[in-house]
Amino acid sequence: MKKRRVSFPHLGNYCVPIAYLMRRGLGTDYVTPPPMTKRTLELGARYSPDFSCAPFKLNLGCYIEALEAGADTLIQTGGACRLGYFGELHEQILRDLGYAFDFFDLARASYGKPLTFLGEFKKINPRLSARRVLSTLPIVLKMVECIDAFEDYLRKNVGFETEPGAMDRIHIQYLEAIPSAKSRRDAASITEGFMERMRAVPVRMPARPLRVGVIGDYYTIMDPFSNHRIERALARRGAVVDRWMNISNTLLHNRADAVMDRIRPYVKYNIGATGIYTIDRALACAEAGYDGIVQVKAFGCTPETDAVPILRNIGADYDIPILCFSFDTQVGDEGIDTRIEAFCDMMEMRKEAAVERGIERKGTG
Amino acid sequence: MTDRTPDGAWLGIDVGSISTKGVITDAEQNILAEDYLWTEGSPINAVKALVARMGDRTDAGRRIAAVGVTGSARRLVGAITDAVIVKNEITAHAVGATARRKDVRTIIEIGGQDSKIILVNNGLVTDYAMNTLCAAGTGAFLSAQAGRLGVAVEDFGAIAVTSARPTPIAARCTVFAESDLVHKAQMGHSKEDIIAGLCKAIVANYLNNVAKGKRIEAPVVFQGGVSKNIGVVRAFEDALGLPVIVDENGHLMGALGAAILAQRTGKEQPFRFSFTDVDFVTRGRNCAGCANACEIVSVYRDGVRIDAWGNRCEKGASVACATLEETGTSA
């Protein structure tokens with residue numbers, strides 16, 4: 001039987017571990033969707049309900065481009081917001097457009113019970129070896145952790161590299177190299193090799209750099225195309241960019257009850273999806289004496305919109321500026337750049353004034 | 001503050017979507033010359049005309065030490081004037097306004113296409129917000145409604161203050177406001193009541209969107225083109241219960257800020273008024289590297305490229321031609 005050519009929409013660089021899971025674990029082929037561009041967004045927006053969020057439209061655009069690139073099997077995942085309904089709608093829209101494909105909606109599985117995924121995977125490849133999947137999964141999770149840690153270092157340091165582009169080059173090579181890992185240990189040692197090279201890139205870090213926390217909805221925050229490469233825009237203006245939200249921190253090392261305990265003074269109940277994490281991280285950045293916080297969200301994202309008034313309270317209580325962005329299908333970067341530049345100027349001025357007044361904000365890195 | 005040229009002067013230019021403003025300042029940040037004109041879709045010509053007019057009026061011996069540029073065409077104008085600093089309009093307006101009034105706490109700014117609020121404490125920006133995704137409640141909206149009512153937008157303010165009973169107009173969104181306005185006019189509300197209602201709607205929209213969650217404290221300074229509309233000024237005073245200060249030079253604050261920022265760099269990059277004789281041409285070209293099809297804009301001085309922008313990645317840089325000749329087009 002011909003191998004299935006599976007594809008999943010882009011989310012940051014997670015296409016690398018997902019491709020690994022499909023190829024090695026499920027024994028299918030994998031089609032990485034072409035890098036997202038204006039065309040992806042236009043295709044997605046053309047065939048989506050206008051009021052659906054930008055992530056829905058971008059996912060649809062990715063599916064269409066993946067089908068054009070030869071994919072015959074599409075997967076969608078579940079989630080804590082409207083994402084849980086994305087799959088059904090995407091499948092219907094693509095069928096109406098006349099594409100031939102198989103569609104597997106993993107929304108039926110539960111992240112809390114990883115074994116439920118095995119049942120879903122069996123539908124994708126009925127001849128799959130459970131042992132193979134179970135031996136691959138830990139490597140995939142390790143890869144996710146390694147990539148997340150690598151990119152965390154990149155975000156915090158890239159704004160200060162003395163040779164522009166040096167870290168990006170290593171990052172690209174790293175993402176190409178990591179799928180050769182055959183074990184968890186392999187993944188760790190490949191990562192360590194590239195991390196050594198990253199640490200060897202000279203950085204000119206000021207004694208007190210700007211420190212900015214980035215918060216927002218699960219998709220927009222992790223996808224640079226959706227957020228107009230906002231982390232890079234901040235880094236270029238000399239900021240250490242701290243973004244907690246990634247797959248390892250949310251799915252692997254996370255405890256929602258502990259988060260609720262921390263944010264209790266601001267929120268009495270879980271406001272859904274990433275809302276409580278957005279609030280929790282804003283609070284953590286404020287307590288650590290960061291210079292500012294930037295929220296990125298898809299226009300119409302209910303949990304993130306609900307978080308905004310709470311963010312304002314945190315901003316007032318801790319005297320920390322918070323800049324909120326909602327992204328829809330606009331493609332111009334100018335207005336975003338203007339706001340980011342002004343925000344960085346303001347953080348810089350506030351810091352200088354604090355130093356003059358002899359009030360050093362606490363924390364160092 | 002650095003001042004190595006006691007006799008020096010600084011040129012600040014603010015090129016907005018609607019108007020282009022310029023000031024020349026001395027070391028003490030006094031305004032020596034100022035002017036403004038309509039941008040009319042051509043920032044290069046607007047800046048040339050502006051500079052020519054100011055040059056005629058300034059002591060020719062006075063040397064411009066450096067140029068600072070702000071406004072939505074700042075990148076282009078910064079390139080052609082060889083500016084030492086190119087700054088976003090939020091920072092520039094804040095710097096300009098606080099230089100004029102050290103004690104200002106709140107700056108309300110409503111321009112042709114955007115509106116913002118800047119909170120200041122001890123002369124420093126502590127918070128700001130700018131309208132997003134939507135130009136409701138800006139000058140462009142007022143102009144469009146003036147056209148519908150057959151009234152010159154410049155007369156709006158004077159007409160608005162004659163109304164005793166402003167007509168309530170839905171303020172949430174420009175589209176809703178417009179249909180509400182048509183409905184109220186057809187019901188027989190008088191023009192002055194409708195115009196006064198529109199001024200109130202602009203203020204309600206601003207306070208509920210741009211200024212949402214911000215603490216507005218006195219002194220409040222109102223600037224930008226819409227601040228010339230006395231109806232909107234009164235509506236702000238009513239809504240805030242605070243006096244609202246409009247500086248007669250309020251429209252120049254961005255340009256003043258740009259001049260001050262140029263002075264603060266301590267750099268000298270002299271500017272010659274003869275720049276108006278130089279030929280500047282821009283050319284746009286779509287990169288074919290990927291489906292983003294970035295539009296790369298290059299600006300040429302006497303046929304040679306001095307700057308290019310618009311590319312999202314490095315591939316784009318090679319698309320821009322080094323000379324105008326290579327583009328296969330002529331000036």
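Lettering of chains follows the sequences in order, A, B, ..., and the numbering in each one begins at 1.
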Open item on the list: With a 3.5 Å distance limit and no angle check, can you tell me whether A:R350 reaches the backbone of B:T126 through a side-chain donor-acceptor pair?
Closed with: yes
Task: Gap between atom CG of B:N88 and atom CE of A:M346 - 0.5 Å precision - done: 11.0 Å
- [ ] Side chain from CB out, backbone as N, CA, C, O: work out which of these in A:I336 comes under 4.5 Å of a heavy atom of chain B, or both, or neither.
- [x] neither
Task: Value rounded to 0.5 Å, distance of NZ in A:K38 from SG in B:C294 - done: 6.5 Å
TODO: Would you mind checking which part of B:R75 comes under 4.5 Å of any heavy atom in chain A, side chain (CB onward), backbone (N, CA, C, O), both or neither?
DONE: neither
Open item on the list: For A:R339, is there any backbone N or O sitting under 3.5 Å from a side-chain donor or acceptor partner on B:Y128?
Closed with: yes
Open item on the list: If you count heavy atoms of other groups shown closer than 6.0 angstrom to CG of A:D168, is the number above 12?
Closed with: yes
- [ ] With a 4.5 angstrom heavy-atom cut-off, could you sort out which part of B:K87 is near chain A: side chain, backbone, both or neither?
- [x] both
TODO: Flag yes if more than 12 heavy atoms outside A:F160 fall under 6.0 Å of its CZ atom; otherwise flag no.
DONE: yes
Open item on the list: Let me confirm one number: the CD-CZ distance from A:E341 to B:R74, rounded to the nearest 0.5 Å.
Closed with: 5.5 Å
Open item on the list: Are there over 12 heavy-atom neighbours, none belonging to A:R229, within less than 6.0 Å of that residue's CZ?
Closed with: no
